[in-house]
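Report on one structure; see the data block that follows.
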2 protein chains.
Amino acid sequence: MQNAFVEIAGVKRSLHVQVAREIARKILSGEVAQNEIIPGEMTLCEQFKVSRTSLREAIKLLTSKGLLESKPKVGTRVTDRENWNFLDSQLLDWLIDIGDNNAVYRDFLSLRNALEPEAAALAAENATAQQRILLSATFQRMDDISKDFELESWTEADMEFHRLIFLSTGNSFYLPFANVLCTMFKSFITHSSVRGSTCINEHRAIYSAIMAGDSDKARQANIDLLSKSKRRLPGSN
Amino acid sequence: MQNAFVEIAGVKRSLHVQVAREIARKILSGEVAQNEIIPGEMTLCEQFKVSRTSLREAIKLLTSKGLLESKPKVGTRVTDRENWNFLDSQLLDWLIDIGDNNAVYRDFLSLRNALEPEAAALAAENATAQQRILLSATFQRMDDISKDFELESWTEADMEFHRLIFLSTGNSFYLPFANVLCTMFKSFITHSSVRGSTCINEHRAIYSAIMAGDSDKARQANIDLLSKSKRRLPGSN
DNA sequence: CCACTTTATTTGTATTACTATTAATTCAAT
DNA sequence: ATTGAATTAATAGTAATACAAATAAAGTGG
């Protein structure tokens with residue numbers, strides 16, 4: 001019998017999550033091909049040394065992220081890549097763990113280019129009073145840190161700032177990006193892709209425009225920030 | 001004992017999916033509040049008349065979409081809305097089923113405005129040979145249908161066209177939108193939000209620009225399409 | 001009043017048995 | 001020989017029960 005939780009990298013994970021992670025790794029890395037039928041449940045149980053209960057919960061997890069598809073008699077099949085939910089932060093975590101992150105960083109930067117200016121514009125129009133308070137506090141922190149720079153705390157505040165913008169759009173479909181953004185930033189930290197300066201003035205421009213409710217100015221300010229920081233972001237060198 | 005599959009609206013669903021759907025409905029509709037602890041597993045088993053196995057698989061499904069969070073001794077909690085993965089097509093299906101779709105359509109249109117022009121630009125640069133073939137075939141179909149208009153087949157071709165653009169970006173993070181788009185289009189059909197004309201010329205402009213590899217022109221053509229069709233899309237009136 | 005221990009509750013895991021679905025096979029009728 | 005309905009077998013789906021682990025809360029000793 002297995003322990004309910006095993007500590008991995010300081011985080012306790014239940015068994016079925018560990019199993020799911022291991023299977024996901026094999027799928028995402030291409031070790032098992034798309035459309036391939038993975039071994040039957042009994043085989044996998046023996047392979048991972050877990051009960052069928054846990055294994056099935058693991059498979060349900062992966063199924064719901066679009067990686068697998070089960071049918072009686074035929075088995076469990078790896079789906080086409082186009083069905084994988086890359087905007088799921090857990091999946092993204094697994095993807096980053098594999099390594100080969102330059103492509104991931106590059107693709108994500110491309111997505112930010114499309115989304116953040118529009119998100120900033122929406123936030124300028126729709127941010128609630130409470131969200132404006134949070135944004136103010138966070139920008140204040142950025143401003144302070146920029147004067148006495150320290151990488152880790154800056155990155156944390158920077159992340160929170162952009163996260164809040166997504167949450168302030170008032171658009172449900174922008175919410176998932178907040179978490180994806182955090183996952184990426186945390187990866188930047190642990191993989192220590194050092195970033196040069198803070199672009200505090202560009203951030204201030206975004207902040208001011210949002211607080212003023214000027215969506216056009218917010219959009220443009222975000223475009224300016226992205227184009228200025230392009231050279232220093234991971235994946236662009 | 002329950003049947004393994006029950007037919008609902010012509011589709012066979014396993015028990016744990018039915019249970020998950022029912023719980024998801026309550027969460028998404030706000031019937032159970034955010035941060036609320038839902039009843040214990042045993043209670044829910046009795047309530048839904050299913051075994052703990054199935055119930056737990058249902059909960060795993062919802063957990064992986066960010067709706068729930070379980071901890072021993074404390075129970076299973078509904079998470080904050082900002083953790084809900086709105087870009088999961090199954091979750092979106094459930095959301096649409098609730099009704100009150102005008103906000104959903106409006107938010108989605110806003111997202112399309114941010115993403116599709118950039119997706120078209122990326123597709124112009126990165127579409128593979130095979131993807132160009134598929135795109136050609138699909139546009140051909142659109143062109144044919146536009147001359148002898150029939151709503152359902154047009155919507156289907158229109159959907160496939162925009163779906164292919166997302167798939168042709170060569171950017172993993174754009175892939176999930178393809179499925180979300182399809183879910184939305186299918187909802188348009190069943191909820192019969194009639195759309196006026198085909199905008200075939202605007203579509204042709206996008207198609208030609210992508211085939212020519214002209215990313216700037218593709219982006220602009222997509223912007224033109226969106227601004228022209230804005231008036232007629234659901235949620236904008 | 002604080003730190004430590006115990007307890008009770010809830011989720012996590014394991015095991016086994018059985019059911020439902022469906023691909024593949026068999027076999028009869030045409 | 002071809003078709004098509006019935007049978008078989010393999011695999012996922014469901015159920016029931018037992019026990020382990022985690023942890024909030026209550027209790028205990030200093």
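On a predicted model such as this, the values are computed, not experimentally measured, just so you know. Lettering follows sequence order; numbering is per chain, from 1.
- The nearest whole Å value for the distance from the NZ atom in Lys49(A) to the P atom in dT13(C) is 17 Å.
- The phosphate of dT14(D) has OP1 or OP2 within less than 4.0 Å of a side-chain N or O from His16(B).
- Whole-Å rounding puts the Phe48(B) CZ to dT14(D) P distance at 14 Å.
- When distances are taken from the side chain of Val50(B) to each of dT11(C), dT13(C), dA15(D), the shortest belongs to dA15(D).
- Listed nucleotides: dG13(D), dG12(C), dT23(D). Nearest to the side chain of Lys73(B): dT23(D).
- In this structure, Lys60(B) places its NZ atom 17 Å from C1' of dG13(D), rounding to the nearest Å.
- Here the C1' atom of nucleotide dT11(D) and the CG atom of Leu68(A) are 15 Å apart, to the nearest Å.
- Remark: the Ser70(A) side chain and the dA12(D) base include no donor-acceptor N/O pair separated by less than 3.5 Å.
- The phosphate of dG13(D) has neither OP1 nor OP2 within less than 4.0 Å of any side-chain N or O from Lys71(A).
- Close to dA14(C), at under 4.0 Å from its OP1 or OP2, lies a side-chain N or O of Ser54(A).
- A sub-4.0 Å separation between OP1 or OP2 of dA14(C) and a side-chain N or O of Ser51(A) is present.
- Straight-line distance from the CG atom of Leu15(A) to the P atom of dA20(D): 15 Å, rounded to whole Å.
- Of the candidates dT11(D), dG12(C), dT14(D), dT11(D) carries the atom nearest the Pro72(A) side chain, counting heavy atoms from C-beta on.
- Mapping Glu57(B) and Met42(B) onto DNA chain D by nearest heavy atom places Glu57(B) closer to the 5' end of the strand.
- Here dG13(D) is the nucleotide among dG13(D), dT13(C), dA15(D) with the atom lying nearest to any side-chain atom of Arg56(A).
- Look at Lys60(A) and Glu57(A) and you find no salt bridge, because none of the NZ, NE, NH1 or NH2 atoms lies under 4.0 Å from a carboxylate O.
- Residue Thr76(A) has no polar side-chain atom (N or O) positioned under 4.0 Å from OP1 or OP2 of dT11(D).
- Ile37(B) places its CD1 atom 14 Å from the P atom of dT23(D), with the value rounded to the nearest Å.
- Listed nucleotides: dA14(C), dA15(D), dA12(D). Nearest to the side chain of Glu41(A): dA12(D).
- Other residues, nucleotides and ligands contribute over 12 non-hydrogen atoms within 6.0 Å of the CD atom of Glu150(B).
- Rounded to an integer number of Å, the gap from CG of Leu55(B) to P of dA16(D) is 13 Å.
- In this structure, Arg52(B) atom CZ and dT15(C) atom C1' are separated by 14 Å, rounded to whole Å.
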- Chi angles and distances behind the side-chain contact (heavy atoms from CB on, under 4.5 Å) call for Leu44(A), Thr76(A): CA-CA 11 Å; Leu44(A) 291 172; Thr76(A) 299; over 6 Å; no
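- Environment of CD in Glu152(B): sparse, with no more than 12 heavy atoms of neighbouring residues, nucleotides or ligands closer than 6.0 Å.
- Side-chain atoms of Asp88(B) and Asp88(A), non-hydrogen and from C-beta on, never get closer than 4.5 Å to each other.
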